[in-house]
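Just the heavy atoms: all of them, side chains too, but no hydrogens, waters or symmetry mates, feed the values below. Here is the naming used below: chain letters follow the sequence lines, and residue numbers restart at 1 for every chain.
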Number of protein chains: 2
Amino acid sequence: NEPDDPQVDLDNMELWEQFHRRGTEMVITKTGRRMFPSFKVKVSGLSKSAKYIMLMDIVAADDCRYKFHNSRWMVAGKADPELPKRMYIHPDSPATGVQWMNRPGVSFHKLKLTNNIADPHGHVIHTYTILNSMHKYQPRFHVVRCGDLAKLPYCAFRTYVFKEMQFIAVTAYQNEKITQLKIDHNPFAKGFRDS
Amino acid sequence: NEPDDPQVDLDNMELWEQFHRRGTEMVITKTGRRMFPSFKVKVSGLSKSAKYIMLMDIVAADDCRYKFHNSRWMVAGKADPELPKRMYIHPDSPATGVQWMNRPGVSFHKLKLTNNIADPHGHVIHTYTILNSMHKYQPRFHVVRCGDLAKLPYCAFRTYVFKEMQFIAVTAYQNEKITQLKIDHNPFAKGFRDS
DNA sequence: GATTTTTGCACCTAGGTGGAAATT
DNA sequence: TCAATTTCCACCTAGGTGCAAAAA
């Protein structure tokens, strides 16, 4: 009656698949840009009383550089070196299993993607992830049974990867079909819709 | 070279004093209303490496009920019973002394005042404080040398009180001079300014 | 020249104000 | 009748969009 076998479901999977079929792009800017669709998961199967820390990060999906040519993404050489990535710790961590499971979802919408090497601030909570433009990335989600942030480095991670979330970082959209999907579904881009 | 004698300065003291001279009022609503001026302090004198938790709460200033009569606040009987108050833990807690001192200030602007007894959600982070209308209150600030939220109940609190922050909770402003000060200084009320 | 990045912008969402009228 | 509270609103701040032009 106290399981500890997390089941993780990606929120808005149908939308993610629509983007995935066309080759998702995410804009990176100097001041930081959110992901769309946003990264949100529903977690079940946790021990009710045990404490957990939830995290995400974004890692290189391969060691290639890409370019968009003839309406297609093509490999264009070897990847540039990656800057060290920091884990984005969900700000409500640590919390008990029942607290995580009772919420409508665990959302990482505040994370921002940037190409700005200079860290904006020495914030306690790291909101920015530095990416290379024209490179392919894979977001990951981690569940750690751990009640104390200080002990996080010594705890076992359980990692969940959704291929549907792979994307290529860009400073300006390349594929107009991706642009249109963003406009159609992101409420902040409603001003560019036709209807 | 590792002091542990916190010095706390109230931000925007001149503005607080302007309100204090006229008898500050704070609006409470069903959905919750922020304080204005907002509660922000600058902390120094902490041990650089020790971890601290920062908190605030709001307690009854006396055991009276008030009414506004002939342009003055007057005692109008004995206070209604207070609902138990919860500490509002600053969301960046715990953090090291140098992290707290390096920031421009420790801000509690997200706290909301309400007269709604039904707690809106079972949030991990408590944002709402329930107050009685027409009663006088005193906000307080607490510094706790403590590295673990779970151990907070067993740690020694150092409490700082600014009399300039005393206010009477209202559902609608009584003193028009207070209303005008709010309009003059709160950027969200700019629409009501004359100029 | 061609590609990639930056900047400023109009247009949105989201939410914090006190006023005025309605309600309790 | 009077005092206190609730509801809805226009008017703000704050900040997330892709676009177009300029810059690198």
Enquirer: Using heavy-atom distances to pick each residue's nearest nucleotide on DNA chain D, tell me which of B/Gly191 and B/Gln174 is more 5'.
Expert: B/Gln174

Enquirer: In terms of side-chain heavy atoms of A/Pro187, which of D/dA4, C/dT7, C/dT13 is nearest?
Expert: C/dT13

Enquirer: Roughly how many Å is it from CG in B/Asp194 to C1' in C/dG19, rounded to a whole number?
Expert: 14 Å

Enquirer: Roughly, in whole Å, what's the span from CG in B/Asn175 to P in C/dG18?
Expert: 14 Å

Enquirer: Without decimals, in angstroms, what is the distance between A/Lys190 NZ and D/dG16 P?
Expert: 18 Å

Enquirer: Respond yes when some side-chain nitrogen or oxygen of B/Asn115 is under 4.0 Å from OP1 or OP2 of D/dT6, and no when none is.
Expert: yes

Enquirer: Return the 5'-most residue of the pair B/Phe68, A/Lys182 with respect to DNA chain D, ranking by each residue's nearest nucleotide.
Expert: B/Phe68

Enquirer: If you check every side-chain atom of B/Phe188, which of C/dG18, D/dA14, D/dG18 has the closest atom?
Expert: D/dA14

Enquirer: What is the distance from NE2 of A/His185 to P of D/dT17, rounded to the nearest Å?
Expert: 15 Å

Enquirer: OP1 or OP2 of D/dG16 sitting under 4.0 Å from any side-chain N/O of A/Lys112?
Expert: yes

Enquirer: Between B/Asp148 and B/Lys51, is the closest basic N to carboxylate O distance under 4.0 Å?
Expert: no

Enquirer: Any N or O donor-acceptor pair under 3.5 Å from the base of C/dG15 to the side chain of B/Arg34?
Expert: no

Enquirer: How is A/Lys110 classified with respect to the nucleic acid when contacts are heavy atoms under 4.0 Å: base, sugar-phosphate, or nothing?
Expert: nothing

Enquirer: Does A/Arg33 make a side-chain donor-acceptor contact with the base of D/dG18, cut-off 3.5 Å?
Expert: yes

Enquirer: Can you tell me how far P of C/dT17 sits from CZ of B/Phe192, to the nearest Å?
Expert: 11 Å

Enquirer: According to salt bridge (Lys or Arg N to Asp or Glu O under 4.0 Å), who are the partners of A/Arg158, at least two apart in sequence or on a separate chain?
Expert: A/Asp4

Enquirer: Look at atom NZ of B/Lys85 and say whether more than 12 heavy atoms of other residues, nucleotides or ligands are closer to it than 6.0 Å.
Expert: yes

Enquirer: Under 4.0 angstrom, heavy atoms only, what part of the nucleic acid is B/Phe36 near: base, sugar-phosphate, or nothing?
Expert: nothing

Enquirer: Nearest whole angstrom, please: distance from the P of D/dC19 to the CD of A/Gln180.
Expert: 8 Å

Enquirer: Contact between B/Lys182 and B/Ile178 at the side-chain level, heavy atoms closer than 4.5 Å - yes or no?
Expert: yes

Enquirer: With the side chain of A/Ala189 defined as its heavy atoms from C-beta on, choose the nearest nucleotide among C/dT4, D/dT13, D/dT17.
Expert: D/dT17

Enquirer: My understanding is that a pair needs two contacts under 3.5 Å, Watson-Crick or G-U wobble. By that rule, which nucleotide pairs with D/dC12?
Expert: C/dG15

Enquirer: Starting from the C-alpha separation in whole Å, work towards a yes-or-no answer on ring-ring contact (aromatic ring centres under 6.0 Å, His included) for B/His90 and B/Phe108.
Expert: CA-CA 7 Å; B/His90 193 285; B/Phe108 295 95; 5.4 Å; yes

Enquirer: Of the listed nucleotides (C/dT4, C/dG18, D/dA4), which one gets closest to any side-chain atom of B/Thr179?
Expert: C/dG18

Enquirer: Could you check how far CD1 of A/Ile117 sits from P of C/dT5, rounded to whole Å?
Expert: 12 Å

Enquirer: How many Å lie between CZ on A/Arg65 and C1' on C/dT3, as a whole number?
Expert: 11 Å

Enquirer: Less than 4.0 angstrom between a side-chain N/O of A/Thr29 and OP1 or OP2 of C/dT6, yes or no?
Expert: no

Enquirer: Do side-chain atoms of A/His20 reach the backbone of A/Trp16 as a donor and acceptor pair under 3.5 angstrom?
Expert: no

